Number of protein chains: 2
Amino acid sequence: MPPYHHGQLRTALLEAAERSLRENGEEQLSLRELAREIGVSHAAPRRHFPDRQSLLYALAETGFARLDEQLRAAVAAAGEGYVPQLRATVKAYITFATDDAALLELMFSSKHRPGAEQVVAAAEPAFTLLYGLIVRGQAEGRLAAGDPERIGLVMFATMQGIATLINTGLARPELLDDLVETAVEQFVGNVKASSVRSG
Amino acid sequence: MPPYHHGQLRTALLEAAERSLRENGEEQLSLRELAREIGVSHAAPRRHFPDRQSLLYALAETGFARLDEQLRAAVAAAGEGYVPQLRATVKAYITFATDDAALLELMFSSKHRPGAEQVVAAAEPAFTLLYGLIVRGQAEGRLAAGDPERIGLVMFATMQGIATLINTGLARPELLDDLVETAVEQFVGNVKASSVRSG
DNA sequence: CGACATTGTTGTCAGCGCCTACATTGTTGC
DNA sequence: GCAACAATGTAGGCGCTGACAACAATGTCG
């Protein structure tokens with residue numbers, strides 16, 4: 001007979017929720033269903049997440065943290081050169097976005113809801129990383145000059161869009177590397193062609 | 001006293017649904033709520049849409065038709081030159097995507113579900129238009145050479161991503177023109193700079 | 001005009017999120 | 001060591017939803 005108190009219910013809920021999100025998407029995620037899987041009563045989750053949305057917020061936060069980790073790991077593994085780092089970052093982002101499509105969607109839809117300051121804060125490290133990459137690229141003459149926000153947004157949009165295309169089946173997953181390469185060439189293609197591929 | 005038969009219930013449902021989608025998003029759209037607004041019983045919609053999903057499919061279909069219309073109108077209004085037409089298309093796509101964000105999301109999420117052949121078919125004209133624009137751009141030397149599918153996907157991804165950024169609040173709507181211009185320059189920036197802006 | 005398909009209505013079901021009341025367990029101050 | 005209290009679980013219920021079945025009104029056509 002299981003003990004009255006689960007003890008790790010919050011963690012168990014987050015894990016089950018992340019799996020459910022990956023397998024069935026946000027719409028299908030049900031607090032009562034999670035409770036059944038874990039073996040607690042239907043109202044138990046309420047002690048840890050006052051409503052469904054707050055569980056989703058928590059998922060979004062941990063999602064941003066993991067995204068940041070994976071981006072930094074990719075940069076670290078790519079060596080010193082700018083273009084390899086850029087390529088690795090783009091690929092890591094899109095890989096995250098396609099492996100955890102529903103989570104990423106949730107991360108962004110959560111981020112701009114009123115009262116989601118925690119989520120916004122959790123998103124910052126990853127954004128800071130990307131922003132830094134733009135600024136450095138411009139400083140080194142690899143990227144087009146101009147407002148880093150504007151350049152960065154378009155780069156970011158391209159990454160996000162490629163992920164969306166793969167997720168919606170418009171692009172086959174095997175195309176990932178090709179699309180990343182095309183995108184990177186587009187980013188660095190505006191500056192003089194010499195040495196673009198060397199760095 | 002209203003007549004027993006509404007007479008235009010299907011149309012009325014689609015209109016109310018599109019408005020509800022725009023105002024409150026897909027999640028909030030309720031068949032019973034639509035029925036109440038229109039003034040029929042809660043089960044009446046079932047005669048026209050056997051379940052909720054089939055209504056969403058119908059919305060997605062008309063959405064693709066309207067997207068195609070608006071893209072063609074934009075191209076027609078842009079004159080003969082390639083770059084102006086490209087710019088107009090990109091802007092028209094993003095404008096549609098931001099004016100009807102929830103609808104666009106629905107259009108794409110519907111498109112890749114099993115059994116959505118009607119939606120896929122409805123999407124074709126708009127995609128054909130975009131594809132033709134790529135091929136023509138390459139033929140005229142305005143765009144980078146290479147597999148049109150690959151080039152087109154990245155372009156399309158960029159558009160889609162910009163729309164997502166604006167919709168999620170990551171980019172302010174006032175930036176639209178700037179972002180479109182940055183994106184277009186990125187597309188045509190890979191070929192020799194001469195005459196890029198003249199077309 | 002009568003058979004039949006179409007398009008409505010009413011009633012019911014299970015599942016959901018959210019809420020309240022209550023039970024059990026862990027913790028802390030006397 | 002135990003009483004008070006906070007934390008965390010259970011049980012039950014509310015109103016909402018989508019889906020379904022049985023029935024009623026209406027339009028259509030032989």
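Only a predicted model underlies this, so the values are computations on that prediction, with no experimental measurement involved. These numbers come from the heavy atoms of this one structure, side chains and all, not from hydrogens, waters or symmetry mates.
Picking from C:dC18, C:dT9, D:dA19 the nucleotide with the shortest atom distance to the side chain of B:R52 gives D:dA19. In the set D:dA19, C:dG17, D:dA11, the nucleotide with an atom closest to the side chain of B:H42 is D:dA19.
The nearest whole Å value for the distance from the CG atom in B:L55 to the C1' atom in D:dA19 is 15 Å. Atom CG in B:L56 sits about 10 Å away from atom P in D:dG18, given to the nearest Å. We find that CG of B:L9 is positioned 19 Å from P of D:dA25, with the value rounded to whole Å. Protein atom CD of A:Q8 is 13 Å distant from nucleotide atom C1' of D:dT8, rounded to whole Å. The distance between atom CG of A:L13 and atom P of C:dG17, rounded to the nearest whole Å, is 12 Å.
Looking at A:R66 and A:D100, their side chains come closer than 4.5 Å, going by heavy atoms from C-beta outward.
In this view, B:R36 and B:E33 satisfy the side-chain hydrogen bond (donor to acceptor under 3.5 Å, both in side chains) rule, not counting sequence neighbours. Applying the salt bridge (charged side-chain N to carboxylate O under 4.0 Å, His left out) criterion to A:E15, with sequence neighbours excluded, gives no partner residue.
Taking every heavy atom of residues 18-38 of chain A and every atom of DNA chain C, pairs under 4.0 Å involve A:L29, A:S30, A:L31, A:R32, A:R36, by number.
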Would you tabulate the pairs of protein nitrogen or oxygen atoms and nucleotide nitrogen or oxygen atoms of nucleotides 25-27 of chain C closer than 3.5 angstrom?
unit_1 : atom_1 : unit_2 : atom_2 : d
C:dT25 : O4'    : A:H5   : ND1    : 3.4

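The pair B:E185-B:R87 does not count as a salt bridge, with every side-chain nitrogen at least 4.0 angstrom from each carboxylate oxygen.
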_Quick one, A:F127 with A:F156, criterion ring-ring contact (aromatic ring centres under 6.0 Å, His included). Give me CA distance, side-chain angles, the key distance, then yes/no._
CA-CA 10 Å; A:F127 284 149; A:F156 188 57; 5.7 Å; yes

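Backbone-only engagement by A:H48 is indicated by non-hydrogen atom pairs under 4.0 Å involving sugar-phosphate atoms exclusively.
Side-chain atoms of B:Q138 come within 3.5 Å of backbone N or O of B:A144 as a donor-acceptor pair.
Inspection of the B:Y93 and B:Q70 side chains reveals no N or O donor paired with an N or O acceptor under 3.5 Å.
Remark on DNA chain C: of its neighbouring residues B:R10 and A:A43, the 5'-side contact belongs to B:R10, judged by nearest-heavy-atom nucleotide.
Its side chain outside the 4.5 Å cluster rule for every partner, B:V120 clusters with none of the Ile, Leu, Val, Met, Phe, Trp and Tyr residues.
Contact annotation: A:R46 does not reach the phosphate of C:dG17 (side-chain N/O to OP1 or OP2, under 4.0 Å).
Every pair passing side chain to side chain donor-acceptor pair (under 3.5 Å) that includes a residue from residues 164-178 of chain B is listed here, sequence neighbours excluded: B:K91-B:D177.
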